[in-house]
Chemist: 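Would you mind keeping the following structure in view while I ask a few things?
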There are 2 protein chains.
Amino acid sequence: MQSPLIKKLIEAFTCLPGVGNKSAQRMAYFLLERNREGGEQLADALVAAMRGVKHCSRCRDFTEDELCGICNSQARDNSLLCVVESPADVFAIESTASFKGKYFVLMGHLSPLDGIGPEDLGLDQLKRLVDEEKPAEIILATNSTVEGEATAHFIAEMLKNNEVVLSRIASGVPLGGELEYIDGGTLMHSLSGRQPYRN
Amino acid sequence: MQSPLIKKLIEAFTCLPGVGNKSAQRMAYFLLERNREGGEQLADALVAAMRGVKHCSRCRDFTEDELCGICNSQARDNSLLCVVESPADVFAIESTASFKGKYFVLMGHLSPLDGIGPEDLGLDQLKRLVDEEKPAEIILATNSTVEGEATAHFIAEMLKNNEVVLSRIASGVPLGGELEYIDGGTLMHSLSGRQPYRN
């Protein structure tokens, strides 16, 4: 017998990715039993983020301001543009601290079955941005999935008349990976994408 | 580069059980990208539950009212009292639809190292309740853990002068369990707690 408020909370938790009914129940009871303050803080953070987070007007990444921190930064290389699928990808690349250019975030990938076309990914905005900023190189860093490859291909086609070097992130064996356990497709890419040995 | 609001949301999500930094990030980005409405609904449900859910004055289970639905029900058997550790246990037992008595929820178990003593579990309230309602049988349904057993033992000691049958839920092989894979302790309990074969 659960009270209506608890039932509603459990149901609300299941909107989170990877959270089924059992986990949602565990979360609800945990907060009620041991951390009501944390629950209220989570509610505040949710409302603030859901209402306050918008998209950067240049790169479409999440930000609370007109321009995101990266687009606004003077320290970033304007001649290098990295096209990614989602803000989480920007965060992942930024975590490596090895990229000093700027980004463009598609917020998805081409997926005709789901009705996601070029206009939903802001590809017209990307085209304008490339025309105006004239970067020297564009790195197509969409996912190594069928949809990601298709999206990269579409963008490359769209920009083929621009004077810009287009590159695609390397596919291959992950660091620490053992060939024995790598799938055939990856291994094929890893072989065909082989590079001169550097000591 | 994450905006302050997103950082705060990710941090707030880590207060949930089983949610680390990576899952929290996934949840935050998921809501921002695809389900802002769900995020706001979750916030509303959280605030409503954190502020509205109290304890039943009779059994200490979660409820929004003075008495919970079970304590308030005329259909339940007042002569059978089941003592459990948490509201989730009540829900689990209720889901079996095989128990028609009432409950008492300890909201924890004895744990001297964490400073949780008899007064934190409302054992004085349980004693009063047993004195007043005089149930015929009390089922000690605390967990089959060291703390749960100790708590059951403590309650049994406390009530030894009351005229009431005390019982403990059975320990043994779970339904569908194979003896080969059951731990020794459980198997031992299962043997010593054997019952006459019923066809």
Side-chain angles (χ1 to χ4, degrees), chain A residues 1-19 23 25-54 56 61-65 68-70 73 86-88 90-92 94 103 107-108, chain B residues 1-19 23 25-54 56 61-65 68-70 73 86-88 90-92 94 103 107-108:
Chain A
M1 208 102 159
Q2 287 166 331
S3 87
L5 289 180
I6 301 182
K7 252 190 204 140
K8 214 165 170 183
L9 178 58
I10 293 175
E11 205 185 294
F13 266 129
T14 56
C15 83
L16 296 173
V19 176
S23 309
Q25 195 183 310
R26 186 167 158 236
M27 289 171 173
Y29 280 124
F30 176 88
L31 290 182
L32 285 167
E33 282 172 29
R34 296 190 224 170
N35 196 358
R36 297 207 181 203
E37 205 182 319
E40 296 226 20
Q41 278 165 7
L42 174 56
D44 291 343
L46 272 167
V47 169
M50 295 304 126
R51 294 185 188 165
V53 174
K54 301 170 297 182
C56 170
D61 195 5
F62 285 138
T63 177
E64 298 148 53
D65 310 308
C68 73
I70 295 174
S73 166
S86 78
V90 173
F91 182 70
E94 285 298 293
Y103 293 93
M107 301 297 301
Chain B
M1 209 105 162
Q2 287 167 330
S3 86
L5 288 181
I6 300 182
K7 253 190 204 141
K8 215 166 168 184
L9 178 58
I10 292 174
E11 203 185 295
F13 267 129
T14 57
C15 84
L16 296 173
V19 176
S23 308
Q25 195 184 307
R26 185 166 158 237
M27 289 171 174
Y29 280 124
F30 175 88
L31 289 182
L32 285 168
E33 283 170 30
R34 296 190 225 169
N35 196 356
R36 296 208 184 201
E37 203 183 316
E40 296 225 21
Q41 278 166 6
L42 174 56
D44 290 344
L46 271 168
V47 169
M50 295 304 127
R51 294 185 187 163
V53 174
K54 302 170 294 178
C56 170
D61 195 2
F62 285 138
T63 178
E64 298 149 52
D65 311 307
C68 73
I70 296 173
S73 165
S86 78
V90 173
F91 182 69
E94 284 299 294
Y103 293 94
M107 300 300 299

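Below, read A as the first sequence line, B as the second, and so on, with proteins coming before strands; counting in each chain starts at 1.
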Chemist: Find out whether A/D61 and A/Y103 are in side-chain contact, i.e. whether some heavy atom of one side chain is under 4.5 Å from a heavy atom of the other.
Modeler: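 They are not in side-chain contact.
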Chemist: Sort A/F30 into side chain, backbone, both or neither according to what part of it lies under 4.5 angstrom from a heavy atom of chain B.
Modeler: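 Looking at A/F30, just its side chain touches chain B.
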Chemist: Quick check on the interface: out of A/R51, A/M50, A/E11, who has the most heavy-atom pairs with chain B under 4.5 Å?
Modeler: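 Highest number of pairs under 4.5 Å: A/M50.
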Chemist: Could you check which of B/E64, B/K8, B/M107 has the highest count of heavy-atom pairs closer than 4.5 Å to chain A?
Modeler: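 Top count of heavy-atom pairs under 4.5 Å with chain A: B/E64.
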Chemist: Pick whichever of B/S86, B/A45, B/P17 has the most heavy-atom pairs under 4.5 Å with chain A.
Modeler: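 Option with the greatest count: B/P17.
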Chemist: Does the side chain of A/V90 reach to within under 4.5 Å of the side chain of A/I70, using non-hydrogen atoms?
Modeler: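 Yes, their side chains come closer than 4.5 Å.
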Chemist: I'd like to verify something: which residue of B/L32, B/D65, B/D44 has the highest number of heavy-atom pairs under 4.5 Å with chain A?
Modeler: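 Greatest number of close heavy-atom pairs with chain A: B/L32.
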Chemist: Which atoms of A/E40 are under 4.5 Å from chain B, going by heavy atoms: the side chain, the backbone, both sets, or neither?
Modeler: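 Looking at A/E40, backbone and side chain both touch chain B.
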Chemist: Determine the option with the most heavy-atom pairs under 4.5 angstrom with chain B, choosing from A/V47, A/L42, A/V19.
Modeler: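 Option with the greatest count: A/L42.
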Chemist: Need one label for A/M27: side chain, backbone, both or neither, based on atoms under 4.5 Å from any heavy atom in chain B.
Modeler: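 For A/M27, heavy atoms of backbone and side chain both lie under 4.5 Å from chain B.
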Chemist: Among the options A/E33, A/E37, A/Q41, pick out the one with the most heavy-atom pairs lying under 4.5 Å from chain B.
Modeler: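 Max contact count across the listed options: A/E33.
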Chemist: Any idea which heavy atoms bring A/G39 and B/L46 closest together, and the distance?
Modeler: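 Scanning both residues, the minimum pair turns out to be O-CD1, 3.8 Å.
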Chemist: With chain B, which of A/L31, A/T63, A/N35 has the greatest number of heavy-atom pairs at distances under 4.5 Å?
Modeler: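 Option with the greatest count: A/L31.
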Chemist: Could you tell me if the side chain of A/F13 sits less than 4.5 Å from the side chain of A/R26, heavy atoms only?
Modeler: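 Of all side-chain heavy-atom pairs linking A/F13 with A/R26, none is under 4.5 Å.
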Chemist: Can you confirm whether A/F62 sits close enough to A/C68 that some side-chain heavy atom of one is under 4.5 Å from a side-chain heavy atom of the other?
Modeler: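 Contact flag for A/F62/A/C68 side chains = no.
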Chemist: Calculate, to the nearest 0.5 Å, the distance between atoms OG1 and CD belonging to B/T14 and B/Q25 respectively.
Modeler: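 Nearest 0.5 Å value for the OG1-CD distance: 12.0 Å.
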Chemist: Distance check, rounded to the nearest 0.5 Å: B/S3 atom OG versus A/K54 atom NZ?
Modeler: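 Between atom OG of B/S3 and atom NZ of A/K54 there are 10.5 Å.
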